[in-house]
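The structure appears right after this line, and notes come after that.
Order of the sequence lines fixes the chain letters, A, B, ..., with proteins taken first and strands second; residue numbering starts at 1 for each chain. Side chains are part of it too, since the values below use all heavy atoms of this structure and drop only hydrogens, waters and symmetry mates.
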Amino acid sequence: MSTQLILFFILAVIAILSAIGMLVSKNSVYSAMFLVLNFVTIAVLFLLLNAPFIAMVQVTIYAGAIMVLFLFVIMLLGTDMAAEGISMPWQPPIAILLSGALILEFAFILFFAQQDVLPQIEAISAAFGSPQSIGKLLFNFYLLPFEVTSVLLLVAMVGAIILAQRETG
Amino acid sequence: MIPLSWYLILAASIFCIGLYGVLARRNAIAILMGIELMLNAVNINLVAFWRYLTPSIINGQVFAIIVFAVAASEVAVGLALIISIYRRKTTVAVEEINLMKW
């Protein structure tokens with residue numbers, strides 16, 4: 001057992017447990033905190049996969065900005081304990097059935113249906129996956145998707161402002 | 001070395017937990033959190049496939065960054081919708097939001 005393997009197991013267990021904790025906690029604030037833990041764990045997984053830039057972006061955007069937005073809305077609306085209980089009794093069994101079926105499909109494909117041996121990974125240089133190289137690719141080859149993404153962010157910003165503003169007159 | 005399929009099965013488990021959250025929770029904010037979890041699982045897959053299959057080109061990381069941007073805008077619009085609905089109906093329970101149902 002190498003160190004990476006042990007680290008991967010610890011991270012995987014924390015990620016899955018925090019995701020389950022997010023589901024079972026009744027209080028929305030606790031859910032959001034479990035989600036932050038999950039995102040930070042996944043950021044460490046990205047570091048394990050030699051993607052330091054993605055890991056930092058994960059921490060700043062997901063665990064930082066998005067979760068602050070969630071907590072802000074939860075506390076603004078005061079709905080942290082709201083919407084408890086289940087109104088439709090058939091809903092959780094069907095949800096368990098459907099998500100269980102999906103994970104069985106994934107497991108079947110991964111462990112049985114897929115026959116070819118996955119390639120052994122080679123070591124890559126430390127500078128690889130650095131912000132410079134990603135920026136170069138983003139501004140040359142992926143310029144159009146990048147610009148479309150910026151338009152998408154602008155539209156989302158305008159839409160959020162319009163939707164959340166109080167109607168006057 | 002960690003096999004690629006372990007990363008994939010971890011991402012699949014997180015995706016399914018998120019899917020369960022989306023399907024079974026009543027709180028609209030919790031549903032959005034489930035969607036975030038699913039997007040994150042997709043990101044694990046993207047980065048893992050990049051690392052194991054095409055490590056010489058950084059496309060996987062670029063896709064992951066675009067998924068981040070999409071997730072951020074989705075959360076902004078979704079939470080604005082929830083705030084707007086809460087103003088009208090004073091609830092975030094999804095089965096009580098039936099304005100468009102006939």
Side-chain angles (χ1 to χ4, degrees), chain A residues 4-5 8 12 15-16 19-20 22-23 28 31-32 35 39 42 45-46 49-51 53-54 57 61 65-66 69-70 73-74 77 79 82-83 86-88 91-92 95-96 98-99 102-103 106-107 110 118-119 121-122 124 129 133-134 137-138 142 145 149 152-153 156-157 159-160 163-164, chain B residues 1-10 12-21 23-27 29-30 32-33 36-37 40 43-44 47-48 50-53 55 58-59 61-62 64-66 68-77 79-84 86-87 91-93 95:
Chain A
Q4 280 200 334
L5 217 55
F8 176 82
I16 290 178
I20 293 172
M22 188 212 96
L23 279 186
S28 295
S31 284
L35 203 54
F39 287 162
I42 289 171
L45 266 181
F46 287 153
L49 281 167
N50 295 71
F53 181 62
I54 299 289
V57 170
I61 294 187
I66 291 182
L69 204 61
F70 266 113
V73 170
I74 290 168
L77 300 184
T79 57
I86 305 293
S87 64
M88 288 174 276
Q91 202 180 6
I96 286 179
L98 287 178
S99 40
L102 187 64
I103 199 160
F106 280 138
L110 282 176
L118 287 161
I121 61 170
E122 59 258 43
I124 49 177
S133 45
I134 293 174
L137 195 64
L138 210 53
Y142 288 104
T149 310
L152 176 76
L153 281 173
M157 189 178 74
L163 280 171
Chain B
M1 207 62 225
I2 307 156
L4 173 59
S5 48
W6 291 9
Y7 279 107
L8 299 186
I9 200 73
L10 171 68
S13 329
I14 292 178
F15 189 91
C16 290
I17 293 170
L19 179 69
Y20 175 78
L23 290 175
R25 293 296 290 264
R26 288 175 74 220
N27 190 335
I29 296 174
L32 264 184
M33 284 187 206
E36 288 305 304
L37 213 55
N40 226 310
N43 259 347
I44 298 179
V47 176
W50 158 72
R51 182 68 185 86
Y52 283 80
L53 297 185
I58 331 178
N59 293 354
Q61 295 202 31
V62 174
I65 288 170
I66 291 177
F68 281 135
V70 172
S73 43
E74 170 251 324
V75 164
V77 174
L79 289 175
L81 276 172
I82 290 173
I83 290 177
S84 169
Y86 188 79
R87 284 225 183 92
T91 181
V92 288
E95 84 275 356

query = Relative to chain B, which segment of A:Ser31 carries a heavy atom at a distance below 4.5 Å: side chain, backbone, both, or neither?
reply = both
key: Side-chain heavy-atom pair B:Ser13, A:Phe106 within 4.5 angstrom cut-off   = no
remark   = In short, B:Tyr86 meets A:Leu77 closest at the heavy-atom pair OH-O, 3.1 Å
inquiry  = Within the structure provided, determine whether A:Leu23 and B:Tyr20 are in side-chain contact (heavy-atom separation under 4.5 Å).
reply    = yes
Reported OG-to-CG distance for the pair B:Ser84 and A:Leu163, which is rounded to 0.5 angstrom = 6.0 Å
task = Could you pull out the closest heavy-atom pair between B:Arg87 and A:Ala164, with the gap in Å?
result = NH1-O, 2.8 Å
B:Gln61 side chain reached by A:Val57 side chain, heavy atoms, under 4.5 Å = no
query = Which heavy atom of A:Met22 sits nearest a heavy atom of B:Ala30, and at what distance?
reply = CE-O, 4.5 Å
key: A:Ile66 CD1 to B:Ser73 OG distance, which is reported to the nearest 0.5 Å   = 8.5 Å
request  = Name the region of A:Leu35, side chain, backbone, both or neither, that has any atom closer than 4.5 Å to a heavy atom of chain B.
outcome  = side chain
request  = Name the member of B:Val47, B:Leu19, B:Ile83, B:Val77 that forms the most heavy-atom pairs with chain A at distances under 4.5 Å.
outcome  = B:Val47
ask   = Can you check whether A:Ile42 reaches B:Ile14 side chain to side chain, under 4.5 Å on heavy atoms?
value = yes
task = State, with a plain yes or no, whether a side-chain heavy atom of B:Ile66 is found less than 4.5 Å away from one of A:Tyr142.
result = no
Nearest heavy atoms of A:Ile54 and B:Ala64, plus distance in Å = CD1-CB, 3.8 Å
message = As an exercise, state the distance from CD1 of A:Ile103 to CD1 of B:Ile9, rounded to the nearest 0.5 Å.
response = 5.5 Å
Portion of B:Glu36 that has a non-hydrogen atom of chain A nearer than 4.5 angstrom = both
task = Could you look at A:Ala65 and say if it's the side chain, the backbone, both or neither that has a heavy atom under 4.5 Å from chain B?
result = neither
remark   = Value for CZ (A:Phe46) from CD1 (B:Ile44), rounded to nearest 0.5 Å, stands at 5.5 Å
ask   = At their closest point, which heavy atom of A:Leu69 faces which heavy atom of B:Ala76, and how far apart are they?
value = CD2-CA, 4.1 Å
inquiry  = For B:Phe15, which atoms come within 4.5 Å of any heavy atom of chain A: side chain, backbone, both, or neither?
reply    = side chain
query = About how many Å separate CG of B:Leu23 and OG of A:Ser99, when rounded to the nearest 0.5 Å?
reply = 6.5 Å
key: CG-CD1 distance between A:Leu138 and B:Ile65, expressed to the nearest 0.5 angstrom   = 6.0 Å
query = So which heavy atom on B:Trp50 is nearest to which on A:Asn50, and how close?
reply = CH2-O, 3.5 Å
